[in-house]
Each structure stands twice: as structure tokens, then as C-alpha cells.
Amino acid sequence: MQYMLLIYQKDMDAGQQDQATMAKIYQEYQALNEDLKKRGQFISNHGLKAASTATTLQVRDGKTVTTDGPFAETREQLGGYYVVEAGDLDEAIGIAERIPSARWGTVEIRPVWGS
């Protein structure tokens, strides 16, 4: 079954880290990606730019309205995601807890519809 692991964190968290710390975190992400690929569990992943770069769209009564910024004001914003193959929720949790950002943010785990 496929699971989407949604990574939430404060927009400023990554920017507050020094260059050496960011390099270490990047290496941790690369190691996780390589391990998931070796195990055949990696489907995709991407980080997202800051929520301030978002555009929100709604279509109501045939009219499209766009606004700058995220859909909702929250303390944590969606910062990236993984889509992984896991046998069950427990296995997906095991993968999610290896995501470096889980140490300072939150990872939401959701089954992918139809997988």
C-alpha cells in the first residue's frame, strides 16, 4: 500500500539553521532516500518552498478566485512530502520517524486512495 507522509514545520525552521547543520540534514535526507530506493519503498518526494510563495485557488459558482499565500494561517506549514510503499501503517510509521524534519516538525501519515 502507498502512504503519503506530509511533512509540516515552521517556515523559518530551516532558515534558522547554520550551513553545517543544513548540510548534515541534507545528508540524512539523501541517506533515507537511498535506503528507501534500495528497499523498493521509494515512490517520490519533494520539499516545498515557503508557504509565503503559495497561491490558493477556489472555484465557486463558475468563478475562479486566487489569493496569495497558504489556505490557512497555522504555526506549521506543509514543507514537503514522501510517497512510499509500506506493508501496513506500522511500517509507514517506521519510515516517517526516520524523516529528519520529524525531530522538529510533524509528519502526517495518510494512505493513498486506490493503492
Side-chain angles (χ1 to χ4, degrees):
M1 172 173 266
Q2 290 183 5
Y3 287 86
M4 181 165 263
L5 312 177
L6 300 161
I7 304 166
Y8 293 92
Q9 61 190 42
K10 292 179 184 173
D11 268 348
M12 66 191 113
D13 283 345
Q16 290 179 337
Q17 304 295 329
D18 61 59
Q19 204 168 19
T21 301
M22 288 305 297
K24 182 178 181 291
I25 292 168
Y26 179 76
Q27 289 174 345
E28 289 179 42
Y29 270 104
Q30 290 302 103
L32 174 60
N33 293 349
E34 291 305 314
D35 185 58
L36 292 173
K37 286 175 185 176
K38 277 193 248 180
R39 295 171 183 263
Q41 295 178 298
F42 183 89
I43 306 296
S44 69
N45 82 313
H46 283 286
L48 301 173
K49 291 189 177 188
S52 61
T53 67
T55 300
T56 303
L57 176 137
Q58 294 179 326
V59 179
R60 300 293 185 269
D61 299 320
K63 293 183 182 181
T64 300
V65 177
T66 60
T67 55
D68 293 337
F71 172 70
E73 292 295 323
T74 63
R75 292 193 313 213
E76 292 185 329
Q77 302 291 335
L78 180 61
Y81 71 91
Y82 275 84
V83 178
V84 299
E85 186 70 38
D88 57 25
L89 178 59
D90 289 335
E91 189 174 8
I93 289 170
I95 295 169
E97 67 188 7
R98 296 173 54 203
I99 295 173
S101 298
R103 295 193 304 262
W104 59 84
T106 303
V107 179
E108 179 182 344
I109 303 162
R110 295 175 66 176
V112 174
W113 191 265
S115 70

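- Partners of Tyr8 by side-chain hydrogen bond (donor to acceptor under 3.5 Å, both in side chains), not counting sequence neighbours, listed by chain and number: Glu108.
- In this structure, the separation between CD1 on Ile7 and CG on Asn45 is 7.5 Å, given to the nearest 0.5 Å.
- Between the CD1 atom in Ile99 and the CG atom in Leu36 there is a gap of 8.5 Å [rounded to 0.5 Å].
- For Leu48, the side chain to side chain contact (heavy atoms under 4.5 Å, CB included) test picks out Leu78, with sequence neighbours left out.
- The CD1 atom of Ile93 sits 8.5 Å away from atom OH of Tyr3, with the distance rounded to the nearest 0.5 Å.
- Taking both residues in full, the closest heavy atoms of Ile109 and Ala96 are given as CD1-CB, 3.7 Å, listed atom of the first, atom of the second, then distance.
- When all heavy atoms are compared, the tightest approach of Ala86 to Ala92 is CB-N, 3.7 Å.
- Going from atom CD of Gln41 over to atom CG of Leu32 covers 9.5 Å, rounded to the nearest 0.5 Å.
- Within the structure, salt bridge (Lys or Arg N to Asp or Glu O under 4.0 Å) pairs that include any residue of residues 78-96 do not occur (at least two apart or interchain).
- In terms of the side chain to side chain contact (heavy atoms under 4.5 Å, CB included) criterion, residue partners of Gln30 (sequence neighbours excluded) are, by chain and number, Tyr26, Asn33.
- Considering only residues two or more places apart in sequence or on other chains, Thr67 meets the side-chain hydrogen bond (donor to acceptor under 3.5 Å, both in side chains) condition with none of them.
- Atom CD of Gln9 sits about 10.5 Å away from atom CD of Gln77, to the nearest 0.5 Å.
- A search for side chain to side chain contact (heavy atoms under 4.5 Å, CB included) contacts involving Lys37 returns Glu34, Phe42, not counting sequence neighbours.
- Evaluation of the side chain to side chain contact (heavy atoms under 4.5 Å, CB included) rule for Glu28 yields Lys24, Pro100, Arg103 as partners, not counting sequence neighbours.
- Through direct or relayed side-chain contacts under 4.5 Å between Ile, Leu, Val, Met, Phe, Trp and Tyr, Val59 connects to Leu57.
- Take Asp35 and apply the salt bridge (Lys or Arg N to Asp or Glu O under 4.0 Å) test, not counting sequence neighbours, and it matches Arg39, Arg98.
- Among all heavy-atom pairs drawn from Met4 and Val112, the shortest one is N-CG2, 3.8 Å.
- Every residue two or more places apart in sequence or in another chain was checked for a salt bridge (Lys or Arg N to Asp or Glu O under 4.0 Å) with Arg60, and none qualifies.
- Under the rule for a side-chain hydrogen bond (donor to acceptor under 3.5 Å, both in side chains), Thr53 has no partner lying at least two apart in sequence or in another chain.
- Panel note: side chain Asp18, backbone Ala20; a donor-acceptor pair is recorded below 3.5 Å.
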